[in-house]
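Scroll down for the structure; my scribbles are underneath it.
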Amino acid sequence: MVEPLLTLRLFASLREEQGWSERTVPLGPAPLTAAALQQQLGLTRRDLRIAVNQRFVAADQLLRAGDEVAFLPPITGG
Amino acid sequence: MQPPSRLDLDLALCDRPFAPYPLLAQWSGGDWAAEAHFIGRMRGVGERGQDLQALEVEHYPGMTERMLEALAREEAARCGARRILLRHCVGQVAPGEAIVLLAVAAERRGQAIETCRRLLERLKHDAPFWKKEVGPAGQHWVRTNSGYEPSSGPLAPL
C-alpha cells in the first residue's frame, strides 16, 4: 500500500527562517488540521496564511492524503 | 436581446523587465470606450528609507496565476469590466522598472477605474508575491504592503 503523504511548501521570509522550501511528510491515520500541522512543524509565526492545493483555507481545514500545504507570510506584491 | 457579456483576460507573469507602453499600445482600442491604465514601478528607496539596488520578487508558481485569474474575474464581474491586461514581474527588478501593469476596458469610466483600483488592491493582498529589498546595506523582506492612500480624500460633489 502506498503511504499517505503531504507535500509542504514554505515561501519567502518563512522559507529562509526555516531553511527549507519543500518536503514530503507522512499523513497519519488520525484527523489532522492545517493548524495542527503548523504547530507540529514548529511554525510559531502568527502572521502566516495557509493554502491547501493552492487555495487559501481556514486553519481548521482537515488535510487529506496527497494535499499540498503551503505556509505563506504576508503578501507584498503589486 | 443583449449578447452575453464576454470577458477578455490577458494575464501573465514576466521573468524579465518589460516595457509597459508597447504592451498597452498593442492592447488598447477596440469595442469599449473607457480604459483605465496603471503602471507600478520600483522605488529607489526602501521601506526603511534606505537606498535600493534591486527588488527580488518571489511567487508561488501555479497559485499566483490561479489567484490573478480568480481575482480578475471576480472584480470584472463586480464592476462591469470587459477586458483586462495584467503583467507582473517576478525575479529581479531594478529601480524605475515596471513591476506591474494593469489596464482595464469597460463601457463606462466608473467601471474601468473601479475595476482597476479594486483589482490592484486585491492582488496586493491575495496574490502570493513577496518582495525582498536589496541594497548596499543588505537585504530584507518587505514586511507589509502599504495601504491605499488617496491624496485628496473623498470627492466632493461638483
Side-chain angles (χ1 to χ4, degrees), chain A residues 4-25 27 32-78, chain B residues 11 13-14 38-43 46-47 55-72 86-91 93 98-102 116-133 138-148:
Chain A
L5 297 172
L6 298 172
T7 301
L8 312 183
R9 303 190 66 174
L10 307 184
F11 288 91
S13 56
L14 182 65
R15 169 174 52 75
E16 290 188 351
E17 287 157 15
Q18 298 296 318
W20 57 275
S21 64
E22 186 168 339
R23 65 171 54 157
T24 305
V25 298
L27 176 65
L32 180 67
T33 64
L37 172 65
Q38 179 178 341
Q39 196 172 15
Q40 281 179 17
L41 293 167
L43 306 178
T44 54
R45 280 176 63 161
R46 305 292 295 271
D47 59 356
L48 303 179
R49 287 166 83 181
I50 305 173
V52 172
N53 300 329
Q54 306 192 349
R55 295 174 196 278
F56 289 116
V57 298
D60 62 358
Q61 168 91 12
L62 277 175
L63 302 176
R64 304 199 302 190
D67 279 350
E68 175 176 296
V69 187
F71 297 93
L72 312 180
I75 284 169
T76 54
Chain B
L11 319 175
L13 302 177
C14 301
F38 177 83
I39 296 168
R41 295 184 185 274
M42 185 197 152
R43 285 185 192 83
E47 63 178 5
L55 270 185
E56 285 171 15
V57 182
E58 182 170 327
H59 74 296
Y60 183 172
M63 182 171 177
T64 304
E65 292 90 331
R66 179 200 294 261
M67 286 303 300
L68 291 178
E69 179 169 346
L71 297 172
L86 173 67
R87 293 291 181 275
H88 197 297
C89 259
V90 295
V93 186
I99 301 176
V100 61
L101 164 67
L102 176 58
C116 191
R117 185 184 71 81
R118 289 186 55 95
L119 181 51
L120 205 58
E121 294 310 301
R122 295 289 305 278
L123 82 85
K124 276 177 169 287
H125 294 100
D126 292 332
F129 292 105
W130 299 275
K131 290 181 188 141
K132 181 191 250 185
E133 296 181 338
Q139 317 187 340
H140 74 274
W141 291 97
V142 174
R143 296 169 68 87
T144 182
N145 262 330
S146 56
Y148 179 69

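The figures here come from the full heavy-atom set of this structure, side chains too, leaving out hydrogens, waters and symmetry mates. Every chain is numbered from 1, with letters handed out A, B, ... down the list of sequences.
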Query raised in the report: Measuring heavy-atom distances to chain A, does B/Trp141 have an atom under 4.5 Å in its side chain, in its backbone, in both, or in neither?
Result: side chain

Query raised in the report: Just how far is it from atom OG1 of A/Thr33 to atom CD of A/Gln38, taken to the nearest 0.5 Å?
Result: 9.5 Å

Requested in this report: Identify, with sequence neighbours excluded, every residue that meets salt bridge (charged side-chain N to carboxylate O under 4.0 Å, His left out) alongside B/Glu65.
Outcome: none

Query raised in the report: So which of B/Arg143, B/His88, B/Arg66 has the largest heavy-atom pair count under 4.5 angstrom toward chain A?
Result: B/Arg66

Report summary line: Rounded to the nearest 0.5 Å, the CG atom of B/Leu13 sits from the CZ atom of B/Arg87 at a distance of 9.5 Å

Query raised in the report: For the atom pair CZ (B/Phe129) and OG1 (B/Thr64), what is the distance rounded to the nearest 0.5 Å?
Result: 5.0 Å

Query raised in the report: Any idea which of B/Glu56, B/His59, B/Lys132, B/His125 has the most non-hydrogen atom pairs under 4.5 angstrom with chain A?
Result: B/His125

Report task. Using a cut-off of under 4.5 Å on heavy-atom pairs, state which of B/Thr144, B/Leu123, B/Ile99, B/Asp126 scores highest against chain A. Result -> B/Asp126

Query raised in the report: What option among B/His140, B/Glu58, B/Met67, B/Glu121 has the most heavy-atom pairs under 4.5 Å with chain A?
Result: B/Glu58

Query - Contacting moiety of A/Asp47, where chain B heavy atoms sit under 4.5 Å - result: neither

Query raised in the report: What class does the angle between the rings of A/Phe11 and B/Tyr60 fall in, given that below 30° is parallel, 30 to 60° is tilted and above 60° is perpendicular?
Result: tilted

Query raised in the report: So what's closer than 4.5 Å to chain A heavy atoms on B/Val142: side chain, backbone, both or neither?
Result: both

Query raised in the report: Hey, which of B/Gly40, B/Ala70, B/Gly62 has the most heavy atom pairs under 4.5 Å with chain A?
Result: B/Gly62

Query - Atom pair OG1 (A/Thr7) and CG (A/Asn53), whose distance is rounded to the nearest 0.5 Å - result: 9.0 Å

